[in-house]
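Each remark here refers to the structure printed beneath this line.
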Amino acid sequence: MSENRLNTEAPFINAHTHTFTKKHTPKYMAKQIFPWPFYKWLATGYMVNRIKAYLNRNKHEFSFTGRNKKHEAYKKKKFWTQTPGITKIYNAFLIIIWLIFAYYLIELILPSLQGTWLGWLCCHFVDVLCPIMPDLGSSWNSILLLVFIVLIFRNVRRTIKKYAWGRIKKAVGPERLEFLLRYINIVRFTSNDGQAYIFNSLEQQYPVGTKFVVLPMDMEYMDAGPVEESYPDQMKEVLRLKANNMDTCYPFIFVDPRRIEKQSQKKEFLNLNTDNPDNIVLEECLMKDYIEGGCAGIKIYPALGYYAFDKNLLPLWLYCQQENIPITTHCSIGPVYYRGKLKNLGKDYDYHPIFEEVYKKDENEKRTFGKMRFHELKNKHFQKNFTHPLNYLCLLHKPLLNNVVETFDKDGDLKMLFGYENGEITRTLHNLKINLAHYGSAAMWDKFLSQDRYREANAIIKDPRNGLDLKDNLDNMAKLYSYWHWVDWFSIISTMIMQFNHVYTDVSYTSHDLNYLSLLSEILDNPNISNRVLFGTDFYVVSNHKTEKQYWIDMQNTLGSRKWERIAYQNPTEFLTSSLPGSL
């Protein structure tokens, strides 16, 4: 399509959505977020049911009895707030109630405020009101009076709730709050109709004809307890969803290398015939069923405890490259990650399998090398080692992929698969089509915008054709160490798009805030990046912040027609185009 012609009738394509439900979520998602035994008490099913009951607390208002009660309450409120003379009496009465409440509350807490400016202020307040306030005799009487006022007067109750919620948010912290909001969204979009209901809730917020990439989740191996409905059963429902929405639903297949490793012989998850590595054949297996059922790509989520270059994934990546199958991978730091003990990931879990660093230099400048070391003790921090965008260079960059094959090959199969001869592979993955979802996350966009002294943080502005000197410096361990630990992922992903022909990214969740749309608009002015940025929302997760319709309306009108068409139609169409039956 011509750059200068605007296709105003082109349908939107949302390249990143979800329809999984509470049945596909592990029982103990609160693990590692809350300590034992609290995470046991906050089991997913229990929490979902409690939240569901809370969200439905006003459901009775839609009955005839509820409507009549609501109208009677309205008439009483109208009388007290809109009747001349009565309104003044009512407001004066509320002021008196607040003064009484404040007086006895301050009287109770005043001893703990002694010696502070707040204590001095409260002391004067009590002194002024003391002559007209009765002595209740004991602290318990004061407490009972305060409780009575809270229970009787809604105005007081609402103010206290608002204050308490603000304090709770601050005390709980952003991670636990995000976790709670994730629970609430699972409840909001989960019903007896399952994924079909969720998909309909998504579809109705978009113009007719909008297409959606649906990304399932396989969380059975994240060590957070059992999942109510197995992943194969989840995929059966996904295929029904596809069959009922042939023109608008484009599901991907979630792949976890541990499912491949532990697959049942009864019906294998993945069965690739690699006798001829130049023509790999997908034989009878669940993966073949999913593809024939209309699935359009592959989804992985390394934060659940593995690397994108896992040895069990490498044959699949060759097949995906051969068939031009698109891959979407989680590439940010979030609330869904491996919940088990880190040591269960393997003996050398805290060393990178491929990347190296310099451990020390002697007086003769002789260097000692070793695997790059990790120092994160908590799972929520350690996940970045799995999701880091530099990990994908171990697939796309031939020298690193060569190292991967040499590291993981135990019986010669990988070397045969990649045509390993004279110390080098002859088959590469440089044409692998991969979407690094979330463009690194909002936190990384903030990091990019806030850094002004670091050369690397300004690289994609100073050199909009190449960005970071990434490809040419991957054998420089000092540079690699710097990129891994200090450079923002926005710069790294932008550079990878410029330097590798089939790397994409999507803006799902990340650009929910209008503050980030200016940066998105700016980066879309770069012709070396703009043709591989995809529109996506991360539905229903983004509903923590705004509705789907607000998300795309804000973005469309901020970016303008030409940029919007590029990320919401042209780029996703190119990304999804493949030989699969479910492709565009």
Side-chain angles (χ1 to χ4, degrees), residues 30 34-42 46-47 49-61 65-66 68-174 176-177 180-181 183-184:
F34 294 94
W36 181 91
F38 297 104
Y39 77 79
K40 292 274 189 178
W41 301 341
L42 297 173
Y46 172 80
M47 285 290 291
N49 290 335
R50 297 287 73 75
I51 294 169
K52 198 165 192 174
Y54 177 77
L55 293 176
N56 292 332
R57 68 193 185 283
N58 295 323
K59 206 171 183 179
H60 68 277
E61 290 183 1
T65 303
N68 293 333
K69 284 184 178 179
K70 192 172 183 179
H71 186 66
E72 289 300 319
Y74 160 76
K75 289 196 296 184
K76 289 178 183 178
K77 189 172 183 180
K78 182 179 179 182
F79 171 78
W80 287 106
T81 59
Q82 296 186 14
T83 304
I86 297 294
T87 302
K88 292 181 180 179
I89 295 173
Y90 177 72
N91 290 335
F93 178 69
L94 284 179
I95 291 172
I96 292 170
I97 291 299
W98 270 111
L99 287 173
I100 293 172
F101 183 83
Y103 175 82
Y104 289 108
L105 178 63
I106 290 172
E107 193 179 48
L108 282 174
I109 65 174
L110 191 58
S112 64
L113 300 176
Q114 293 294 337
T116 67
W117 68 269
L118 184 58
W120 175 85
L121 190 63
C122 290
C123 189
H124 278 275
F125 175 80
V126 170
D127 289 343
V128 170
L129 293 181
C130 185
I132 60 174
M133 291 292 184
D135 184 1
L136 298 182
S138 72
S139 297
W140 283 110
N141 289 335
S142 298
I143 292 172
L144 288 173
L145 176 63
L146 292 172
V147 171
F148 176 79
I149 292 174
V150 170
L151 292 175
I152 296 299
F153 296 98
R154 179 183 286 186
N155 187 278
V156 176
R157 196 161 59 247
R158 282 179 173 173
T159 303
I160 292 174
K161 273 185 179 179
K162 186 175 181 181
Y163 173 79
W165 177 238
R167 301 299 297 177
I168 288 170
K169 285 198 291 186
K170 188 173 181 180
V172 167
R176 292 190 178 98
L177 188 61
L180 178 61
L181 292 172
Y183 262 140
I184 292 173

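This structure is a prediction, so every number in the text was calculated from the model and none was measured. Side chains included, hydrogens not; waters and symmetry mates left out as well; all remaining heavy atoms used.
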Worksheet item: Between E72 and K69, is the closest basic N to carboxylate O distance under 4.0 Å?
Response: no

Item to complete: Might you confirm whether atom CZ of R154 has over 12 heavy atoms from other residues, nucleotides or ligands at distances under 6.0 Å?
Response: no

Worksheet item: Are the side chains of W98 and T159 in touch, meaning some heavy atoms are under 4.5 Å apart?
Response: yes

Worksheet item: How many angstroms lie between atom CG of L146 and atom CG of L151, to the nearest 0.5 angstrom?
Response: 11.0 Å

Worksheet item: Would you say Y90 and F79 make side-chain contact, with heavy atoms under 4.5 Å?
Response: no

Item to complete: Taking all heavy atoms of Q82 and all of T87, pick out the closest pair and write down the distance.
Response: N-OG1, 3.4 Å

Worksheet entry | Nearest-0.5 Å distance that lies between atom CD1 in I100 and atom OG in S142 | 12.0 Å

Worksheet entry | Residue pair N155 / I97, side-chain heavy-atom distance below 4.5 Å | no

Worksheet item: Would you say the side chain of I160 lies within less than 4.5 Å of the side chain of F101, judging by non-hydrogen atoms?
Response: yes

Item to complete: First locate atom CG of D127, then atom SG of C122, and finally report the distance between them rounded to the nearest 0.5 Å.
Response: 11.0 Å

Give every donor-acceptor pair under 3.5 Å between a side-chain atom in residues 110-120 and any protein atom, sequence neighbours left out.
residue	atom	partner	partner atom	Å
S112	OG	I109	O	2.7
T116	OG1	L113	O	2.7
T116	OG1	G119	N	2.9
W120	NE1	H124	NE2	3.1

Fill in: Contact summary for L136 and N141, nearest pair of heavy atoms
O-ND2, 2.7 Å

Fill in: Which atom of F125 lies closest to which atom of I106, heavy atoms considered
CD2-CD1, 3.5 Å

Worksheet item: Do you know which two heavy atoms are closest between C130 and Y103, and how far apart they sit?
Response: CA-OH, 3.7 Å

